[in-house]
Participant: 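Dropping the structure in here first, questions after.
Computed over heavy atoms, backbone and side chain alike; hydrogens, waters and symmetry mates excluded. For the single chain, residues carry numbers from 1 onward in sequence order.
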Amino acid sequence: MSEPYRNAPPESATKADADIREALHILASPKEAAYGIWRTFATDQEVLHAVLVEISQVVLARRLQIALKETGKTLEFVVSNRHLLNMKGVSIGSDDISAELVVAELRRAVAGVRHIKIDITERAPALSQNARSLPVSALLQRVQTEITKATPPLGSASLVDDIKTLSKAWIDCVSNAENGESEALSVLRRFSDHCVSVCDRSVQVSIKQPRLAAMTIGKDMLLIELEVGDFKLLAATDTKQREQLLSLWRTFVAGLNSEPA
């Protein structure tokens with residue numbers, strides 16, 4: 001009978017080494033980059049932020065793949081030195097690359113997605129010498145600008161929340177966030193692309209700015225358009241909510257008029 005290999009480590013030592021390697025791998029992996037597992041998020045904004053943070057941490061050339069569970073689609077990015085060089089899975093050409101367009105397309109891609117999985121599919125991918133690059137910092141800055149614009153100005157947040165509570169559906173015209181019943185949303189989407197003003201066809205109570213407009217659609221739906229600074233909200237509610245909404249608006253305007261100049 002042949003003698004066992006003298007230098008073979010005992011089974012327990014091999015397992016211990018594997019456990020140590022696994023622990024070191026976990027410690028060395030950034031928390032944001034949980035590769036190969038499904039990660040859960042509460043909102044579209046959280047998903048978009050996670051994607052951008054992930055690619056912003058890439059220094060060496062990498063090809064990243066991000067699976068979107070709810071849609072079954074996949075996004076692919078080629079990133080190097082915290083610059084986006086190429087991407088697939090969105091409707092944008094390499095000649096059209098800009099922070100505004102990329103963020104807009106990524107928002108559309110992750111709409112309704114709550115679970116994503118990130119993987120590195122290629123290390124040191126071939127990079128085109130003529131490829132246009134976009135710093136990921138520009139994408140993060142674009143998102144922050146949109147968030148700032150989409151945040152109701154100080155003093156109007158309560159009014160916005162009250163209108164949303166009374167509504168069947170609403171659409172934030174700046175961030176394109178939306179919520180509510182599908183039928184009411186379909187009506188609002190007709191107005192959402194350009195946030196069409198309904199002022200000329202409405203019964204309205206307003207000062208120069210902010211502005212509230214209300215228009216009856218059909219027998220029992222009331223379309224509300226609220227503008228406060230750069231913030232715009234479209235909402236659909238029952239016509240029976242008209243007086244309550246206008247009362248909220250009058251209270252808001254009275255508060256503005258009572259502030260010292």
Side-chain angles (χ1 to χ4, degrees), residues 30-123 125 127-128 131-151 170-179 185 188-189 192-195 230-234:
K31 186 176 180 181
E32 292 289 344
Y35 296 123
I37 64 172
W38 288 105
R39 299 164 59 190
T40 303
F41 301 90
T43 66
D44 294 357
Q45 185 66 35
E46 288 184 9
V47 175
L48 177 62
H49 183 261
V51 171
L52 293 181
V53 167
E54 175 59 37
I55 62 179
S56 73
Q57 295 177 345
V58 177
V59 178
L60 301 177
R62 294 288 186 266
R63 187 183 303 276
L64 300 179
Q65 187 179 81
I66 300 179
L68 311 177
K69 190 172 185 178
E70 281 73 12
T71 63
K73 296 182 178 179
T74 299
L75 303 177
E76 186 176 280
F77 303 91
V78 175
V79 187
S80 179
N81 194 26
R82 297 187 175 91
H83 278 63
L84 178 62
L85 303 179
N86 194 10
M87 61 181 179
K88 296 180 180 179
V90 294
S91 302
I92 187 169
S94 58
D95 295 335
D96 300 325
I97 193 167
S98 71
E100 182 177 1
L101 287 173
V102 170
V103 169
E105 286 300 320
L106 287 178
R107 282 195 184 280
R108 294 188 184 96
V110 304
V113 171
R114 295 295 177 266
H115 301 84
I116 67 172
K117 182 170 65 173
I118 303 173
D119 284 296
I120 296 177
T121 58
E122 186 178 357
R123 299 177 185 272
L127 304 178
S128 172
R132 295 182 59 186
S133 67
L134 182 66
V136 182
S137 59
L139 302 180
L140 291 168
Q141 181 60 48
R142 175 64 190 179
V143 171
Q144 184 58 49
T145 299
E146 291 180 356
I147 291 174
T148 301
K149 287 184 177 180
T151 302
W170 55 264
I171 295 178
D172 181 329
C173 295
V174 179
S175 69
N176 292 322
E178 59 182 41
N179 187 56
L185 279 173
L188 292 179
R189 289 190 187 108
S192 64
D193 287 345
H194 303 289
C195 284
D230 291 328
F231 179 81
K232 293 184 180 182
L233 181 78
L234 288 177

Participant: How many angstroms lie between atom NE2 of H83 and atom CD1 of I55, to the nearest 0.5 angstrom?
Facilitator: 11.5 Å
Participant: Does any part of the side chain of V51, heavy atoms only, come nearer than 4.5 Å to the side chain of F77, both counted from C-beta?
Facilitator: yes
Participant: Between the main-chain N or O of G36 and the side-chain N or O of D119, is there a donor-acceptor pair closer than 3.5 Å?
Facilitator: yes
Participant: Locate the shortest heavy-atom distance separating A99 from A138; write the atom from each residue and the value.
Facilitator: CB-O, 3.8 Å
Participant: Any heavy-atom pair between the side chains of L139 and L134 that's under 4.5 Å?
Facilitator: yes
Participant: What's the verdict on side chain to side chain contact (heavy atoms under 4.5 Å, CB included) for L60 and R123, showing C-alpha distance, side-chain angles and the deciding distance?
Facilitator: CA-CA 8 Å; L60 301 177; R123 299 177 185 272; over 6 Å; no
Participant: How would you list, by chain and number, every residue that makes a side-chain contact (heavy atoms from CB on, under 4.5 Å) with S137, sequence neighbours excluded?
Facilitator: P135
Participant: Verify, without hydrogens or angle tests, whether E178 (side chain) and L185 (backbone) share a donor-acceptor contact under 3.5 angstrom.
Facilitator: no
Participant: Where do Q45 and R107 land on the side chain to side chain donor-acceptor pair (under 3.5 Å) test, with the steps shown first?
Facilitator: CA-CA 8 Å; Q45 185 66 35; R107 282 195 184 280; 3.0 Å; yes
Participant: If the test is side-chain contact (heavy atoms from CB on, under 4.5 Å), which one of L233, N179, L188 qualifies with I171?
Facilitator: L188
Participant: Could you give the distance from OG (S133) to CG (L84), rounded to the nearest 0.5 Å?
Facilitator: 8.5 Å
Participant: How far does CD1 of I66 sit from CZ of R39, to the nearest 0.5 angstrom?
Facilitator: 8.5 Å
Participant: Could you tell me whether K232 and D172 make a salt bridge, using a distance below 4.0 angstrom between a side-chain N and a carboxylate O?
Facilitator: no
Participant: Check A67 against W38 and note the closest heavy-atom contact, atom names and distance.
Facilitator: O-CZ3, 3.6 Å
Participant: Decide yes or no for E54 and L64: does some side-chain heavy atom of the first lie under 4.5 Å from some side-chain heavy atom of the second?
Facilitator: yes
Participant: Are N86 and L127 packed together at the side-chain level, in the sense that at least one heavy-atom pair is separated by less than 4.5 angstrom?
Facilitator: no
Participant: Is there a donor-acceptor pair closer than 3.5 Å between any side-chain N or O of E46 and the backbone N or O of A42?
Facilitator: yes
Participant: Would a 4.5 Å heavy-atom cut-off, applied to side chains only, mark H115 and E70 as touching?
Facilitator: yes
Participant: Kindly compute the distance separating OG (S56) from NE2 (H49), expressed to the nearest 0.5 Å.
Facilitator: 8.0 Å
Participant: Can you find a pair of side-chain heavy atoms, one from V143 and one from L140, that are under 4.5 Å apart?
Facilitator: no
Participant: Side chains of D44 and R114: does their closest heavy-atom pair fall under 4.5 Å?
Facilitator: yes
Participant: Any Lys/Arg nitrogen of E76 or R63 sitting under 4.0 Å from an Asp/Glu carboxylate oxygen of the other?
Facilitator: yes
Participant: State, yes or no, whether a side-chain contact exists between L106 and L75 at a heavy-atom distance under 4.5 Å.
Facilitator: yes
Participant: Got a donor-acceptor contact below 3.5 angstrom from the R62 side chain to the V79 backbone?
Facilitator: no
Participant: So, for A109 and L68, which heavy atoms are closest and what is the spacing to 0.1 Å?
Facilitator: O-CD1, 3.5 Å
